[in-house]
Amino acid sequence: MRNIELFFTIFFSIFWGRLLDAQEIAPSSIPDRIILNLTENSSISMAVTWRTDTTVSKGLCEVQLAPEGPIDIKKSKIFKAKTTKVRYEYNEEPKIVSNHHSCLLTELESGKQYIYRVGSQSNWSEWFQFKTPSDQNSCFSFIYFGDPQSNLKSQWSRVIRGAFQHDSNCGFMLYAGDLINRAGRDSEWQEWFLAGSFIYGMIPQVMTPGNHDYNGLTLDPHWNAQFTLPTNGPKGLEGTCFFIDYNNLRLISIDSAADSELKNENGYMMTAQKSWLDSVLQTNTKKWVIITTHLPFYSSKENRDNKFLRKHFQPILEKHKVDLVLSGHDHAYARGRATDNPSNDHKVMYVVSVSGPKMYKADNKDWMEHFGSFKQLYQVITIDNNELVYESFTTDGQLFDTFILKK
Ligand SMILES: [Fe+2]
């Protein structure tokens with residue numbers, strides 16, 4: 001082949017490859033990346049967010065109680081979305097410009113099944129079904145994932161779909177950070193949304209950010225554009241540090257990836273979150289308290305130790321008798337009750353887990369009651385009034401670890 005032919009062959013294969021990639025992940029006028037998020041008070045409100053191209057400048061969400069059969073759209077209550085335009089650039093990858101539409105669905109009834117669809121006058125999504133949590137102290141479950149992070153389409157998809165198959169009635173799904181590998185990279189979010197697809201539209205999702213969801217000190221611009229998480233935390237940590245009340249549970253997200261993993265002990269991100277956490281635990285009326293945060297209080301690896309996190313937050317957790325901490329980051333599994341302050345007379349149960357295929361080896365450390373390496377896991381946590389049953393499963397559905405907490 002002559003040099004000129006070779007040049008054009010290579011040029012067009014790269015050009016068409018890029019164009020096809022861009023088409024695959026570019027938004028259109030039809031809603032995609034539809035996702036439910038829990039709100040501060042999940043029994044009476046729910047948040048939904050979706051994406052379109054910029055030709056759609058207004059978004060609507062139609063909601064009604066789930067009927068037994070065909071849908072009468074005249075029965076719907078219509079909510080108007082807040083629309084935000086974001087431009088995503090990542091190295092040489094195609095630039096993506098999206099309109100993100102975010103709706104807070106309010107004045108819902110607790111313990112009911114609703115249907116909704118999102119879109120605009122000309123393009124609607126399919127109808128999705130979701131449930132609001134029932135009365136306090138009725139039994140519910142949720143699924144917790146450690147870091148998905150990599151191979152989201154090819155390998156993490158198996159985990160979320162297996163978990164959904166296992167407990168499709170769960171109240172919500174919880175992520176302890178590092179949902180993707182490179183903050184700001186739209187092609188990775190495309191894989192994350194493909195993996196969960198319609199599950200995100202039916203089951204509310206809750207996520208705390210990890211270090212890979214930050215680019216240095218800057219949160220991935222996708223985070224607050226494509227998720228509508230509570231903004232009841234300290235100023236500057238909207239959507240990353242927050243609390244949610246769900247049935248008899250107060251679920252709290254501490255943003256341990258902010259300020260480069262809270263390395264500045266006297267920095268705003270540390271001091272603001274500490275005083276906020278103390279106040280939301282002080283005013284808590286829920287029976288169970290679970291904290292989620294990306295960095296583990298106790299690491300699964302010998303050479304890793306998040307001392308500042310433990311030093312500053314553990315006394316607050318123990319003072320208010322927090323039940324459980326769910327974290328990620330270490331790409332292995334470890335679980336146990338531990339304290340650095342024996343005089344406080346309360347030991348919190350700490351878990352670190354991983355759901356994606358990136359793996360590190362766990363070392364056997366004093367604090368652990370159970371540990372393991374090279375397993376992709378999901379956890380089903382069931383709370384029935386005074387009893388919490390925790391079960392960790394490998395991706396092929398085998399029980400790997402379990403414990404029970406009682407009040
Ligand atoms: Fe991490």
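Positions are given from 1, in the same order as the sequence printed here. Quick note: numbers below take in every heavy atom, side chains included, and nothing from hydrogens, waters or symmetry partners.
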Salt-bridge criterion met for Glu188 and Arg182 (N-O under 4.0 Å): no
N-O pairing of Asp401 and Lys375 below 4.0 Å: no
Between [X] and [Y], is any side-chain donor less than 3.5 angstrom from a side-chain acceptor?
X      : Y      : value
Asn99  : Thr83  : no
Asn169 : Ser141 : no
Thr49  : His100 : no

Does any N or O in the side chain of [X] come within less than 3.5 Å of the main-chain N or O of [Y], such that one atom is a donor and the other an acceptor?
X      : Y      : answer
Arg161 : Ala195 : yes
Arg250 : Val280 : yes
Asn247 : Ser138 : yes
Thr228 : Ser102 : no

Heavy atoms from other residues, nucleotides or ligands near CG of Asp345 exceed 12 (cutoff 6.0 Å): no
Heavy atoms from other residues, nucleotides or ligands near NZ of Lys407 exceed 12 (cutoff 6.0 Å): yes
Stepwise side chain to side chain contact (heavy atoms under 4.5 Å, CB included) check, Met269 with Lys263: CA-CA 10 Å; Met269 296 299 182; Lys263 288 196 176 108; over 6 Å; no
Whether His329 and His294 hold their rings parallel, tilted or perpendicular, with breakpoints at 30° and 60°: perpendicular
